[in-house]
Protein chains: 2
Amino acid sequence: MAIKRTRNVTMTDVASHSGVSRTTVSFVLSNRENANIPDSTRRRVLEAVDALGYRPNAGAQALAAQKSDWYGLITEIVTAPFAVDIIKGVQDKAWDERKFVLIASSEGDQAMETAAIEKLLEQRVEGLIYATTWHRAVTLPPAALEVPTVLINCFDPEDRFPCVVPDEEIGGYRATKRLLDAGHSRIAFINLDPAMPAAIGRRAGYDRAHAEAGVTVDPDLVVYGHALADGGYDAAAALLDSASPPTAFFCGNDRMAMGAYDAVKEHGLRIPQDIAMVGFDNQEIISQFLRPRLTTVALPFEQMGAVGVTMLADLIAGAPLRTNRMLIDCPLLERASV
Amino acid sequence: MAIKRTRNVTMTDVASHSGVSRTTVSFVLSNRENANIPDSTRRRVLEAVDALGYRPNAGAQALAAQKSDWYGLITEIVTAPFAVDIIKGVQDKAWDERKFVLIASSEGDQAMETAAIEKLLEQRVEGLIYATTWHRAVTLPPAALEVPTVLINCFDPEDRFPCVVPDEEIGGYRATKRLLDAGHSRIAFINLDPAMPAAIGRRAGYDRAHAEAGVTVDPDLVVYGHALADGGYDAAAALLDSASPPTAFFCGNDRMAMGAYDAVKEHGLRIPQDIAMVGFDNQEIISQFLRPRLTTVALPFEQMGAVGVTMLADLIAGAPLRTNRMLIDCPLLERASV
DNA sequence: ACCACCGAGTAACGCGCGTTAGTAACGCGG
DNA sequence: CCGCGTTACTAACGCGCGTTACTCGGTGGT
């Protein structure tokens with residue numbers, strides 16, 4: 001465990017080592033124009049930087065320059081899978097803008113969340129991104145008002161913060177249209193809790209697709225399931241046992257589709273020959289590995305993260321936002337279950 | 001979008017607002033002992049803090065105090081699911097020690113990884129935690145040597161860094177013993193790539209359990225599968241079609257178990273009545289929702305994260321480490337597939 | 001010979017804060 | 001009245017760096 005504890009090398013060290021003033025070192029390192037640094041000097045400085053292993057002190061830089069180059073990201077990291085894609089989208093995009101992302105997890109706990117925001121503000125982040133794992137309304141701690149803030153996958157009921165949310169309606173529309181196009185007319189919709197924005201939007205898309213196709217929606221085919229595999233299983237089994245069963249299922253999420261698969265198989269039916277199935281979320285570990293692989297609608301979290309960063313940058317720059325509520329398209333991913 | 005842009009309030013502002021010196025404010029806020037601050041003064045200061053919305057500047061604090069209270073965490077965030085648990089374990093434990101965690105993602109890319117470490121060092125993190133999503137040897141950029149560093153779920157071939165890794169052997173042992181105890185004697189082992197530390201350790205545990213039970217291992221029952229659902233399906237199907245098929249499967253991960261489930265069901269066999277199944281990883285989204293729910297061995301990532309933080313704290317404090325390679329137990333989670 | 005100008009470089013201030021070394025006022029025993 | 005210990009505070013330095021406002025030694029033009 002040999003730890004090379006380099007004494008903290010500062011610009012002053014670099015300066016004396018290369019025989020110039022600290023100011024000159026600063027000019028060289030910040031590539032300042034109009035500074036008239038001849039190449040010979042520049043080289044001497046850079047060599048000293050290398051030789052001494054100089055590393056700028058970000059805190060001191062931020063203090064002197066009065067800016068931090070950091071964005072803060074608050075997210076529910078426990079509820080796992082989706083948060084990761086948002087983080088990735090945010091981080092990559094931020095990197096493009098030479099910004100870094102300070103991640104704090106909220107764990108759903110309100111007190112901890114407030115503490116996290118405080119900590120980020122103490123780091124003097126230039127802006128805040130608040131992301132949730134499921135589409136919903138949120139109420140942020142008041143501290144968030146102190147700094148430019150963008151919401152991802154959630155929205156402020158009072159509209160004080162701009163947000164990026166998935167276009168649930170188009171997702172529901174795409175899924176349903178795909179099934180209608182495949183010739184199905186009895187399409188069951190195992191939706192999420194009807195109070196959720198996701199459920200409302202997707203239902204609207206389901207209805208619109210039917211309307212455009214001139215097919216009447218049978219209200220008995222639209223049910224609400226517990227949002228896990230069991231919920232999908234139960235709902236699908238009940239529908240298959242009904243007097244006039246559906247020939248296709250549109251499931252509110254991939255987990256329910258996973259349960260529905262089991263119900264279909266246990267009824268001795270084959271996917272997609274006898275029953276077609278479309279999911280939602282594109283939770284890869286499920287949709288990629290179900291047999292047959294599941295056709296589903298993607299929630300483009302990574303893209304949402306990237307768009308969020310762009311909006312935040314505009315907000316910080318004081319640029320006008322095109323919209324306070326950015327809708328992100330949800331594409332259909334064709335696999336093998338239709 | 002009403003953004004309350006509070007001009008940056010400093011200690012000096014608080015001082016003048018409450019009629020004391022900046023030093024006194026500092027003493028009050030840091031709860032300094034032996035400072036003899038009467039309650040009346042303390043209250044005046046705290047009221048001013050509140051009234052002005054003062055918020056300490058972490059960068060300035062770090063600069064003055066010559067310490068940062070931050071740990072750096074580098075992790076492969078793309079390969080998703082596991083990274084999240086490590087992050088959670090690290091963050092919670094760090095919070096207990098009043099430390100904060102700066103997360104950077106490496107994305108597997110060597111250049112980006114080096115850049116990430118540099119950035120963390122520029123923030124003057126007190127230590128570094130490097131975590132991977134699968135157990136393996138890693139080679140860190142040399143910059144990691146400049147600061148106390150702990151590895152999680154990976155190890156340094158040259159042993160320059162202490163590490164926390166899962167005890168694969170005990171995991172393999174537990175899984176196998178459970179099946180032996182259930183009366184099985186022909187237990188197939190669909191292992192991961194035999195070059196992986198995980199595969200080696202689990203195989204050793206599998207062998208030890210057999211040896212202790214006095215059961216001879218049939219080498220034909222130990223196969224290596226592509227680590228995805230298809231690999232599990234193919235391997236399980238082949239074994240079930242063989243002359244003397246197994247009565248139980250121990251799968252190298254839950255994804256393969258997911259595929260094996262399909263193979264078993266397609267052979268008209270029932271789990272667990274006809275075939276018992278044990279997975280590995282406890283990838284919740286799979287093991288919780290397969291029907292029947294999958295008995296599996298957990299990789300305790302959260303715990304590994306917490307232990308890593310403890311080791312790092314010791315390392316920073318210069319305390320002697322009990323071991324340079326901490327093994328974490330992998331418990332068996334009983335569900336319904338045995 | 002004088003001035004204007006340019007290239008090359010530096011002294012010095014301030015960012016917000018922790019901390020040390022003080023000071024000023026007061027009470028109390030002798 | 002002196003000396004001394006408390007109590008309650010503050011002046012001032014330094015952390016590492018960005019930045020502004022300079023200095024100083026040449027060159028070229030008139």
Side-chain angles (χ1 to χ4, degrees), chain A residues 6-46 48-49 52-70 98 119 121-126, chain B residues 6-46 48-49 52-70 98 119 121-126:
Chain A
T6 38
R7 183 182 62 75
N8 262 335
V9 180
T10 74
M11 276 189 129
T12 310
D13 299 328
V14 174
S16 61
H17 189 271
S18 54
V20 299
S21 73
R22 204 182 52 69
T23 306
T24 302
V25 176
S26 176
F27 285 172
V28 168
L29 292 184
S30 59
N31 256 318
R32 191 192 171 90
E33 300 175 13
N34 316 329
N36 289 326
I37 312 273
D39 270 359
S40 60
T41 305
R42 174 183 308 274
R43 242 191 319 271
R44 280 218 322 286
V45 169
L46 292 178
V49 164
L52 298 178
Y54 169 73
R55 207 181 285 290
N57 181 319
Q61 278 181 314
L63 188 57
Q66 295 288 77
K67 53 197 270 294
S68 71
D69 285 352
W70 287 89
R98 318 267 81 190
K119 272 294 152 195
L121 293 182
E122 289 180 13
Q123 290 293 325
R124 297 296 188 265
V125 295
E126 298 181 0
Chain B
T6 38
R7 181 183 62 78
N8 262 336
V9 181
T10 75
M11 276 189 136
T12 309
D13 298 329
V14 175
S16 62
H17 189 272
S18 54
V20 298
S21 73
R22 205 183 50 69
T23 307
T24 301
V25 176
S26 176
F27 285 173
V28 169
L29 291 184
S30 60
N31 256 317
R32 190 193 172 91
E33 302 175 10
N34 315 330
N36 288 325
I37 311 273
D39 271 359
S40 61
T41 305
R42 174 184 308 275
R43 239 191 322 269
R44 280 218 321 285
V45 169
L46 293 178
V49 163
L52 299 178
Y54 168 73
R55 208 181 284 291
N57 180 319
Q61 278 181 314
L63 188 58
Q66 296 288 77
K67 53 198 270 294
S68 70
D69 286 351
W70 287 89
R98 319 265 81 190
K119 270 295 151 195
L121 292 182
E122 289 180 12
Q123 289 292 323
R124 295 298 187 266
V125 294
E126 298 181 1

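Below, all heavy atoms of this structure are taken into account, side chains as well, without hydrogens, waters or symmetry copies. So that the names make sense, note that chain A is the first sequence line, chain B the second, and so on, each numbered from 1. Worth saying up front: this structure is predicted, and the values here are computed from it rather than measured.
Listed pair B:Arg32 / C:dT20 meets the phosphate criterion, a side-chain N or O lying under 4.0 Å from OP1 or OP2. Between A:Ser21 and C:dG9 there is no side-chain N or O to OP1 or OP2 distance below 4.0 Å. Taking only side-chain nitrogens and oxygens, B:Asn57 never comes nearer than 4.0 Å to OP1 or OP2 of C:dG16. In terms of phosphate contacts, A:Ser26 brings a side-chain nitrogen or oxygen within less than 4.0 Å of OP1 or OP2 of D:dG18. OP1 and OP2 of D:dC17 both lie 4.0 Å or more from every side-chain N or O belonging to A:Gln66. Side-chain N/O atoms of B:Gln61 include none lying less than 4.0 angstrom from OP1 or OP2 on C:dG16.
Checking C:dT10, C:dG16, D:dC17 against every side-chain atom of B:Asn8, the shortest atom distance belongs to C:dG16. Of the candidate nucleotides D:dC17, D:dT20, C:dG18, C:dG18 has the atom lying nearest to any side-chain atom of B:Met11. Listed nucleotides C:dC17, D:dC17, C:dT10 differ in distance to B:Pro56; the shortest reach to its side chain belongs to C:dC17. Closest to the A:Leu63 side chain, of the nucleotides C:dC17, D:dG16, D:dG18, is D:dG16.
Side-chain contact between B:Trp70 and A:Gln123: present, with at least one pair of heavy atoms (C-beta onward) separated by less than 4.5 Å. Inter-residue side-chain proximity for A:Asn8 and B:Arg124 is flagged as met; some heavy-atom pair is nearer than 4.5 Å. Side-chain contact check for B:Arg42 versus B:Val20: every heavy-atom pair is 4.5 Å or farther apart.
Rounded to whole angstrom, the span from the NZ atom of A:Lys67 across to the P atom of D:dC17 amounts to 16 Å. Computed from coordinates, the B:Asp69 CG to C:dG18 C1' distance equals 13 Å when rounded to whole Å. Counting to the nearest Å, the C1' atom of D:dT19 and the CG atom of A:Asn31 are 16 Å from each other. One can place CD of A:Glu122 at 15 Å from P of C:dG16, the figure rounded to the nearest angstrom. What separates CG of B:Asp39 from P of D:dA8 is a distance of 10 Å, to the nearest Å. In this structure, the OH atom of A:Tyr54 is 7 Å from the C1' atom of D:dG16, given to the nearest Å. As a whole-Å value, the separation of A:Leu29 CG from D:dC17 C1' is 11 Å. Taking atom CD of residue B:Gln123 and atom C1' of nucleotide D:dC17, one finds them 14 Å apart after rounding to whole Å.
Contact of A:Thr41 with C:dA8 (side chain to base): no donor-acceptor pair of N or O atoms is detected under 3.5 Å. Judged by atom type and distance alone, A:Thr23 reaches the base of C:dA11 through a side-chain donor-acceptor pair under 3.5 Å. One N or O donor and one acceptor, one from the side chain of B:Arg22 and one from the base of C:dG18, sit under 3.5 Å apart.
A residue-by-residue look at B:Phe27 and A:Thr12 shows that B:Phe27 has its nearest nucleotide of DNA chain D further toward the 5' end.
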- Task: Evaluate side-chain hydrogen bond (donor to acceptor under 3.5 Å, both in side chains) for A:Thr23 paired with A:Ser26, printing each intermediate quantity in order.
- Result: CA-CA 5 Å; A:Thr23 306; A:Ser26 176; over 6 Å; no
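With values rounded to the nearest 0.5 angstrom, A:Ser68 atom OG is found 12.0 Å from A:Leu63 atom CG. Rounded to the nearest 0.5 angstrom, B:Gln66 CD and A:Asn57 CG are separated by 8.0 Å.
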